[in-house]
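Indexing begins at 1, ligand by ligand and atom by atom, following the structure's order. Numbering starts at 1 and runs along the sequence shown.
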Amino acid sequence: MNTTKRLLLASIFIALCAGCSPNNASSTATKKAIYTVDDAKAFLQKVDTDVTRLNKPASHAAWAYATNINYDNAQVDAYLGEQLSVMWAKYAVEAAKFNDVNVDADTRRQLNLLKSGLEIAPPSDPAKAERLATIASDLAGMYGAGKYCRTENECFSLVEMSAEMGVSRDPALMLEFWEGWRKVSVPMKEMFVEQVSIANEGAKELGYANTSELWRTKYDMPAQEFPKELDRLWGQIQPFYESLHCHVRAELSDYYGEDIVPLDKPIPAHLLGNMWAQSWGNIYDIVKPQQEMNVPDVTKALTEQGYDEIKMVKQAENFFSSLGFDPLPDTFYERSMFQKPQEREVQCHASAWSIDEKDDLRIKMCIQKTGEEFNVIHHELGHNYYQRAYKDQPMLYRGSANSGFHEAIGDTIALSITPTYLQQIGLIDEIPDESNDIGMLLKVALDKIAFIPFGLLVDQWRWQVLAGDITPEQYNTLWWQLREKYQGVAAPVTRSIDAFDPGAKYHVPANVSYTRYFLAHILQFQFHKALCDIAGSEEALHRCSIYGSKKAGEALNNMLEMGKSRPWQEAMTTLTGSPNMDASTIQAYFAPLKEWLDKQNEGRNCGW
Ligand code: X8Z
Ligand code: ZN
């Protein structure tokens with residue numbers, strides 16, 4: 001997440017002049033003669049200055065609230081978030097006056113980015129805009145401060161329950177936490193419904209049918225083409241996912257018994273080592289090959305080597321430095337939040353910030369000393385290095401080529417955390433030979449391939465919700481239909497009529513689109529391959545680490561510096577030589593594992 005996060009928040013007081021509406025054809029016609037190319041450029045300059053100026057205090061307020069959830073910080077966060085999104089919406093509507101001016105391609109791109117830049121658009125009715133801002137702030141606070149209380153005196157935070165879901169093998173405890181966490185989202189539903197309705201008014205004022213269309217319009221292709229592109233990519237992955245699912249279900253059934261994991265049904269969602277069943281690396285020990293495999297246990301290594309939170313972050317920074325990126329500023333270490341403070345509520349969901357869009361970079365995490373979190377640190381730093389690389393672009397280009405790119409950079413680097421790299425930095429003693437590769441590939445697939453259908457379905461749900469295609473009564477049912485359809489997982493217990501399970505996933509109350517992660521999981525393999533080629537690696541893709549390659553670093557930086565100044569297809573070409581997103585690199589990366597899985601699955605009943 002980057003600073004545009006501020007623009008998710010809603011707003012107040014938008015003074016629309018009659019005739020500025022993009023839907024008002026006659027007034028546009030009368031005005032087209034008066035506006036020139038220079039006017040458009042001057043307008044964009046003013047937008048840049050005004051938004052940049054307001055973004056800074058709004059970011060400080062958002063940071064203060066996210067790292068200290070209380071009533072006062074919520075007021076300031078909501079107020080400044082509202083000011084910023086109202087300003088943006090006003091300019092986005094005003095940009096329509098240049099619709100018929102024959103501007104150059106660059107100016108047109110900025111005008112288009114301005115129009116589609118908001119996630120949640122405030123309507124011009126000040127009361128509604130204010131309400132939207134309050135809802136956004138309240139939902140964020142409810143998620144961040146959310147707890148499950150077993151008894152009056154025994155409560156658990158999400159961090160505590162997530163940690164337990166990763167290591168527990170006790171179905172009753174996992175079920176308790178699974179259900180417990182989902183109580184937090186029940187009271188969110190009413191506000192969420194209200195938010196959808198107000199945001200759709202705002203989207204209409206910008207000229208979109210609804211917020212769903214606004215969200216699908218951000219990908220340098222027609223909004224109706226984008227879902228087809230996702231279907232195509234999912235089609236490339238699906239057979240592999242189904243093989244993985246088949247193996248995992250069979251092993252879980254062996255472990256817990258067929259009464260808990262039936263062999264012809266979706267997998268119960270509380271048994272996969274993760275609160276949302278979105279990545280499954282934590283159950284590697286249950287599903288691993290029978291043959292002994294030496295797969296580095298990074299969690300164990302970190303503990304044995306006495307790594308604390310700061311050392312984990314410094315080690316991740318060191319990877320970027322080895323590629324030739326400048327060190328992070330001292331203020332990064334002074335101002336970041338690496339640990340959950342005891343005395344106050346914070347939003348623990350990991351995020352990366354560029355507060356002043358210059359050098360004030362920070363991350364906010366409640367770091368756990370695990371291999372999984374070591375990866376998340378790389379993920380977050382990827383955001384920070386991207387933010388720094390595009391900081392000199394005009395405001396409207398300060399972002400990633402498409403949302404998936406921002407999420408893919410740190411993950412790309414983390415794909416280089418291979419046994420060879422771990423040995424180089426002293427975390428393990430010896431590099432396992434190739435006979436251990438299946439184990440290693442399985443571990444990566446449990447994290448990355450298992451994630452892909454989840455990455456897809458969250459917005460399949462949201463697009464329908466935001467388009468108003470389904471009623472609030474159908475929200476939870478649709479959620480579980482999609483969970484079953486794409487992931488082959490099911491709720492372990494019947495969901496009550498008031499359940500709002502999507503709200504128990506951070507990005508729903510926070511209004512962060514989720515397609516970004518689906519795309520990132522495809523892009524990161526393409527980026528990894530391109531960088532390995534540039535680094536001159538002769539290893540198999542899953543053994544390649546670009547650690548220390550200045551050439552790879554330079555190639556990566558060339559793409560990062562572009563920000564969103566060009567269509568993402570061009571950024572893609574800059575690094576990979578091809579303008580297309582494509583999952584065939586994933587197929588190549590995991591080819592030996594697919595073969596192994598298919599052998600394991602012989603004679604098994606697959607599918608759900
Ligand atoms: O939200 C995140 C990052 C912050 S942008 C930690 N991720 C998604 C999630 O946790 O659900 C990374 C992978 C998917
Ligand atoms: Zn991220």
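Y148 places none of its side-chain heavy atoms less than 4.5 Å from the side chain of W181.
Within the structure, every pair that satisfies the salt bridge (charged side-chain N to carboxylate O under 4.0 Å, His left out) test and touches residues 454-463, not counting sequence neighbours, is listed here: D459-R462.
Ligand 1 is approached by E407 to a heavy-atom distance shorter than 4.0 Å. Residue-ligand proximity: R516 is placed with every non-hydrogen atom at 4.0 Å or more from ligand 1.
The closest approach of H383 to the Zn ion (ligand 2), by N/O/S atoms, is made by NE2.
Distances between N or O atoms of H379 and those of ligand 1 include no value under 3.5 Å. For ligand 1, the polar-atom distance check finds no N/O of H383 at less than 3.5 Å from any of the ligand's N/O atoms.
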Full working for salt bridge (Lys or Arg N to Asp or Glu O under 4.0 Å) between E309 and K314: CA-CA 9 Å; E309 294 83 355; K314 294 225 156 157; over 6 Å; no
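Nearest heavy-atom pair, N580 versus Q526, reported as atom, atom and distance to 0.1 Å: O-NE2, 3.0 Å.
Interface of K505 with ligand 1, defined as ligand atoms under 4.0 Å from a residue heavy atom, comprises 9 (C), 10 (O), 11 (O).
Coordination check, H406 versus the Zn ion (ligand 2): failed, since every N/O/S atom of the residue sits at 2.8 Å or beyond.
To the nearest 10 degrees, the Zn ion (ligand 2) sees NE2 of H379 and OE1 of E407 at an angle of 90°.
Every residue two or more places apart in sequence or in another chain that forms a side-chain hydrogen bond (donor to acceptor under 3.5 Å, both in side chains) with E372 is listed here: N282.
The closest heavy-atom contact to atom 9 (C) of ligand 1, among the options Y514, F451, Y517, comes from Y514.
Remark: the backbone N or O of F374 is paired with a side-chain donor or acceptor of H378 at under 3.5 angstrom.
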